[in-house]
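Worksheet: the structure to be examined is printed underneath.
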Amino acid sequence: MATDGHGLLAGKTGIISGALDPDSISWAVAEAAHREGARFVLTNAPVSKRFGQLDALSEATGGSPIVYADATSDADMDALYAEATGHAGGQIDFVVHSIGMGLNVRKGKAYEELKYEWYQKTLDISAVSLHRMVAAGLRADAIASGGSVVAMSYIGAQRTFSTYSEMGDAKALLESIVRSFGYRLGKKSIRINALSQSPTKTTAGGGIEGFDALYDFADKVAPLGNADQASCADYTVTLLSDYTRMVTMQTLFHDGGYNNMGISEEIVREMMAQKDA
Ligand code: NAI
């Protein structure tokens, strides 16, 4: 486990979105990026100001400025980059998109009965916001050559997980935006990747019905078990660093090997025990 920094992001500046509380994946990303020498702006939705804990994260990362911005608002995204480039003293080197919310999922609406107004909002918050975030960066010419964008995703983009419902569609769109933008960003020597993370115990994760079962199943199937926030943060740091400068347009699985598994001995044994009982 990385405890001391290696200066992987020394001199780099950026934006880290989506840290709500210490369980948030991007909370760990911010701590790791700080450890590796980066300076960055923290951002989250204006509504999170009431119940989030960004002030503590700002303090823990050397006084990172906080910009409350709605990722579904172009004006807010423009303001975010104005603040970020001001803080950096020029173009920034990285953007971390760690934003998601499934309205139908949260409100217990089954996939067959999606309320489309909520569905659109889910797609807007969880996927189109990546497009807005990158597009605003390009509008402001705020992302430097050699820059890196990372967006958090889940294997529900490729496979159906019963209760993940509309979020599977949102992640499929998110990963498609990664590919579509990857081509265009490449012309500016900027890269963009989706990091497909294990089920992780966070506020957003807990909003999925049957999350504990999903979590335990993945943990028993993945040869290395589920990846936690801290390991996800370490991987993210490598993706923001120059060591991965030729990697773009990928969905990179950070899931202890889960995506390449079918069934594990542990699950087989449990199924057989159930049958025998
Ligand atoms: P989280 O609840 O800590 O983070 C989600 C963040 O999205 C929150 O900080 C929330 O305030 C922010 N957000 C929601 N609407 C917003 C808006 N309109 N504008 C700006 N920010 C907004 O949960 P977590 O799990 O850390 O989620 C981060 C990312 O990781 C999400 O994209 C999620 O889908 C993804 N992910 C989570 C997994 C899990 O099991 N927890 C697994 C794989 C991916």
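These numbers were taken from a predicted model, which means no experiment stands behind them. Order of listing sets the numbers, starting from 1, for every ligand and every atom in it. Numbering starts at 1 and runs along the sequence shown.
- Remark: among candidates S24, G205, A227, the nearest residue to atom 3 (O) of ligand 1 is S24, based on non-hydrogen atoms.
- Closest heavy-atom contact between S24 and Q229: O-CG, 4.2 Å.
- Polar contact check, M167 against ligand 1: no nitrogen or oxygen pair lies under 3.5 Å apart.
- The heavy atom nearest to atom 24 (P) of ligand 1, considering only D70, T202, N226, is found in T202.
- In terms of polar-atom proximity, D21 is not counted as a contact of ligand 1, lacking any N or O under 3.5 Å from an N or O of the ligand.
- Each of the following atoms of ligand 1 lies closer than 4.0 Å to a heavy atom of G18: 4 (O), 6 (C), 8 (C), 9 (O).
- Below 3.5 Å of separation, one finds no N or O of P199 facing any N or O of ligand 1.
- In summary, the atoms of ligand 1 found under 4.0 Å from a heavy atom of Q197, numbered by their order in the structure, are 42 (C), 43 (C).
- In this structure, H34 and F40 have perpendicular ring planes: the angle between them is above 60°, well past the 30° mark.
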ask   = What's the verdict on salt bridge (charged side-chain N to carboxylate O under 4.0 Å, His left out) for K109 and E166, showing C-alpha distance, side-chain angles and the deciding distance?
value = CA-CA 10 Å; K109 273 259 174 214; E166 61 181 343; over 6 Å; no
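- No salt bridge links D23 with K201; every basic N to acidic carboxylate O contact stays at or beyond 4.0 Å.
- Of the N or O atoms in T203, none lie within a sub-3.5 Å distance of an N or O in ligand 1.
- Closest to atom 42 (C) of ligand 1 among all protein heavy atoms lies S198 O, 3.3 Å.
- Atoms of ligand 1 lying under 4.0 Å from at least one heavy atom of S153, given by number and element, are 43 (C), 44 (C).
- Taking atom 22 (C) of ligand 1 as the reference point, the nearest protein heavy-atom neighbour is I99 CG2, 3.5 Å.
- Within the structure, ligand 1 has K171 among the residues with a heavy atom less than 4.0 angstrom away.
- Side chains of D21 and T203: a donor-acceptor N/O pair is present below 3.5 angstrom, by distance only.
- Evaluated by nearest non-hydrogen atom to atom 26 (O) of ligand 1, the leading choice among I125, I25, L195 is I25.
- Between G18 and N44 the shortest heavy-atom distance is C-ND2, 3.8 Å.
- Ligand 1 has an N or O atom lying under 3.5 Å from an N or O atom of T200, backbone or side chain.
- Contacts with ligand 1 closer than 4.0 Å are made by no heavy atom of S17, backbone or side chain.
- Contact atoms of ligand 1 toward A71: 17 (C), 18 (N), 19 (N), 20 (C) (distance under 4.0 Å to a heavy atom of the residue).
- When hydrogens are left out, the protein atom nearest atom 30 (O) of ligand 1 is M152 CB, 3.4 Å; that is the closest non-hydrogen contact.
- Under the ring pair (Phe, Tyr, Trp, His ring centres under 6.0 Å) criterion, Y119 pairs with no residue at all, not counting sequence neighbours.
- Hydrophobic clustering (ILVMFWY, side-chain heavy atoms < 4.5 Å, transitive): V67 and V134 are in one cluster.
- With salt bridges taken as basic N to acidic carboxylate O contacts below 4.0 Å, none links E36 and K12.
- Here the rule is side-chain hydrogen bond (donor to acceptor under 3.5 Å, both in side chains) with S153, and of E175, K171, Q197, Q158 only E175 fits it.
- Of the listed options S126, G100, A45, A45 places a heavy atom closest to atom 17 (C) of ligand 1.
- Contacts between F211 and ligand 1 below 4.0 angstrom, taking non-hydrogen atoms only, involve the side chain exclusively.
- The pair D76-R132 does not meet the salt-bridge criterion, since no charged nitrogen lies less than 4.0 angstrom from a carboxylate oxygen.
- Nearest protein neighbour of atom 27 (O) of ligand 1, counting heavy atoms only, is A204 CB, 4.0 Å.
- The pair R35-D234 meets the salt-bridge criterion, with a side-chain N (NZ, NE, NH1 or NH2) lying under 4.0 Å from an Asp/Glu carboxylate O.
- With ligand atoms numbered from 1 in the order given, ligand 1 contributes 19 (N), 20 (C) to contacts under 4.0 Å with heavy atoms of A69.
- The ring of Y154 has its center closer than 6.0 angstrom to the ring center of Y164.
- When hydrogens are left out, the protein atom nearest atom 29 (C) of ligand 1 is S98 OG, 3.4 Å; that is the closest non-hydrogen contact.
- No side-chain N or O of T238 forms a donor-acceptor pair with one of S241 less than 3.5 Å apart.
- The residue A151 has no part lying near ligand 1, judged by heavy-atom distances below 4.0 Å.
- Atoms of ligand 1 found under 4.0 Å from any heavy atom of N44 (numbered from 1 in listed order, with element): 9 (O), 10 (C), 11 (O), 12 (C), 13 (N), 21 (N), 22 (C).
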